[in-house]
Amino acid sequence: MATCISLSWLLHLLVFGAAMLPFTHGNQLYSNFRVKAVNLGGWLVTEGWIKPSLFDAIPNKDFLDGAGLHFKSVTTKKYLCAESGGGTIIVANRTTASGWETFSLWRIDETTFRFRVFNKQFVGLDGIKVVALVNISTDSETFHIIRKSNDSDRVRIKTSNGFFLQAKTEELVTADVSEVNGWGDDDPTVFLLTISKRMQGEFQVTNGYGPHKAPQVMKEHWSTFIVEDDFEFIVKSNLNAVRIPVGWWIASEPAPPPPYVGGSLQALDNAFSWAQKYGVKIIIDLHAAPGSQNGFEHSSSRDGSQEWGKTDDNIQQTVRVIDFLTARYAKSSSLYAVELINEPRAPGVTLERLSKYYKAGYEAVRKYSPTAYVVLSNRLGPSQPRELFPLASGLMGSVIDVHYYNLFSDVFDNMTVQHNIDFVRVNRSLALSHITSSNGPLTFVGEWVAEWQVKNATKEDYQRFAKAQLEVYGRATFGWAYWTLKNVNKHWSLEWMIKSGYIMP
Ligand SMILES: *[C@@H]1O[C@H](CO)[C@@H](O)[C@H](O)[C@H]1NC(C)=O
Ligand SMILES: *[C@@H]1O[C@H](CO)[C@@H](O)[C@H](O)[C@H]1NC(C)=O
Ligand SMILES: *[C@@H]1O[C@H](CO)[C@@H](O)[C@H](O)[C@H]1NC(C)=O
Ligand SMILES: *[C@@H]1O[C@H](CO)[C@@H](O)[C@H](O)[C@H]1NC(C)=O
Ligand SMILES: *[C@@H]1O[C@H](CO)[C@@H](O)[C@H](O)[C@H]1NC(C)=O
Ligand SMILES: *[C@@H]1O[C@H](CO)[C@@H](O)[C@H](O)[C@H]1NC(C)=O
């Protein structure tokens, strides 16, 4: 046993030795070892599109938190609208629906909801008038949505005391009808429903199943989605690390605040023991910070709002999560890096607030580990690629994380196979060298994927695209990580891409 341990330790020192030395000035010293990693996305922080089946059994699954609803009155033939985006009355006089006409759900249970409007007020009542004046969710009115049985897009909205909303006129919406009959086009209590937005993240899945079912569903997901065999596959595929997205509630075990449920920490513990066994490095990635740092479902936003970083308390709470995680895993030789927050988004997250957090988060990691790299994610949204340099150059062992997708922008709309490959070889390459410097932070392409907007590309096209990215991102001084290991969309699944011969890491 002892021989075994010292042998593996020696091996470990040989392979990872450079990276495990204490830091001195200049990160270049450590650039021989690079991570070739895969993200374990959708595991400890759910994203519905990775595993849609997780959402299938949720009762009334059209009405999850953050769903954006439009209601068109059958009598005025116009949409309900929070006048001025909120802060005053609800009207029924809009011919098209977008922001002010969107009512975001807060799900209380499978049939009861609050409605949040554009400026974040909740819909409530002022006498019989329907208004959007209430700022505090707990004080706001709750509603039922009643769908016609054979035509679920025809709905009525009922208040908690049993009155139906009606579009009395285009400029007056009231809650004062107690008896209804049929679903006629002359009935001002009838509305046509369209769902303009759906969110499927951790908040939606746990709150969707509710306190009785969510614990069991999530435990099942955690223990089956990623298992020990996956770590064996990762090593055999010539990868050496995993980036594991986690949510802030992992630090509140065993009973995180509702709707979150306990058990993700046990899953992360399992990952560390498998990582140890197979010699895989772990990058812990705080993917969902309290309040949501980008408003996307993958940061567990409830309704698309982005509140992270706005108060010192919120930043301190986030630092405590980093403190907790580093304290727990610092002694494991598998802990390679801690990423303080994933994809904070500008302008909602300012550089000043983010820098304050990054300094405090860095100190929290260094309290327990002199060697773990500390990964700083660049901001999404309008921001400068080198904006973290002044901060990072003072933080030994820091890494800048950038995410490169040939997606999510109309820049890629009409690109051919060759355009995409040239874009990687020329533009991404330039962007990466712009943030790579001999004395600055290391660089990490922490998310990329061999998927694009090209239609009907051949296997060979995908192979060339993947190869170009591997070559260019291989120059990142910290390394890269594919998004993601498992996904119902085959090109997003590195497991599928490797098994099918599309990618050879
Ligand atoms: C609700 O919030 C808005 C914007 O922050 C503020 O102007 C308003 O006074 C608040 N209203 C109440 C009733 O607190
Ligand atoms: C729903 O049922 C009504 C009456 O039973 C019928 O007139 C109508 O066409 C049905 N609508 C749909 C969408 O099937
Ligand atoms: C809708 O009604 C409100 C309230 O009377 C009014 O201020 C607004 O201009 C109207 N909007 C349209 C598009 O008619
Ligand atoms: C892509 O091509 C379509 C069809 O030719 C065109 O309508 C669209 O504007 C183009 N998009 C961009 C971003 O160039
Ligand atoms: C990529 O870089 C080339 C060369 O600098 C430039 O001409 C081109 O506009 C860039 N492409 C995009 C989509 O930004
Ligand atoms: C891609 O293939 C599908 C099915 O074979 C076909 O319907 C579609 O027109 C093709 N699209 C393009 C852009 O060639």
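Indexing begins at 1, ligand by ligand and atom by atom, following the structure's order.
- Put simply, the side chain of Phe63 reaches to within 4.5 Å of the side chain of Ile195, judged on heavy atoms.
- Nearest protein heavy-atom neighbour of atom 5 (O) of ligand 5: Val426 CG1, 4.6 Å.
- Summary of contacts: the protein heavy atom closest to atom 9 (O) of ligand 5 is Asn427 ND2, 4.7 Å.
- Closest to atom 4 (C) of ligand 3, if we only count protein heavy atoms, is Val91 CG1, 3.9 Å.
- For atom 14 (O) of ligand 4, a protein non-hydrogen atom is found at a distance below 4.0 Å.
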- [ ] Show your reasoning for whether side-chain contact (heavy atoms from CB on, under 4.5 Å) applies to Arg464 and Gln418.
- [x] CA-CA 9 Å; Arg464 288 175 58 220; Gln418 195 55 46; 2.4 Å; yes
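- In this structure, Lys359 places its NZ atom where only 12 or fewer heavy-atom neighbours from other residues, nucleotides or ligands lie under 6.0 Å away.
- Contact annotation: for Arg94 versus ligand 3, heavy atoms closer than 4.0 Å belong to the side chain alone.
- Atom 8 (C) of ligand 3 has Asn93 ND2, 3.8 Å as its closest protein atom, hydrogens excluded (heavy atom only).
- Other residues, nucleotides and ligands place more than 12 heavy atoms under 6.0 Å from the NZ atom of Lys78.
- Under the 4.0 angstrom criterion, atom 11 (N) of ligand 4 counts as having a protein heavy-atom contact.
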- [ ] Could you give me the CA-CA distance, side-chain angles and deciding distance for Phe71 and Tyr79, then say whether ring pair (Phe, Tyr, Trp, His ring centres under 6.0 Å) is met?
- [x] CA-CA 6 Å; Phe71 299 103; Tyr79 289 95; 9.6 Å; no
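- The nearest non-hydrogen atom to atom 3 (C) of ligand 4, considering only Asp413, Val411, Asn414, Asp410, comes from Asn414.
- Distance alone, capped at 3.5 Å, places no donor-acceptor pair between the Arg147 side chain and the Arg154 backbone.
- Tested against Gln453, the residues Asp410, Asn414, Asp413, Asn406 include a single side chain to side chain donor-acceptor pair (under 3.5 Å) partner, Asp413.
- For atom 7 (O) of ligand 3, the closest heavy atom belonging to the protein is Glu83 OE2, 3.8 Å.
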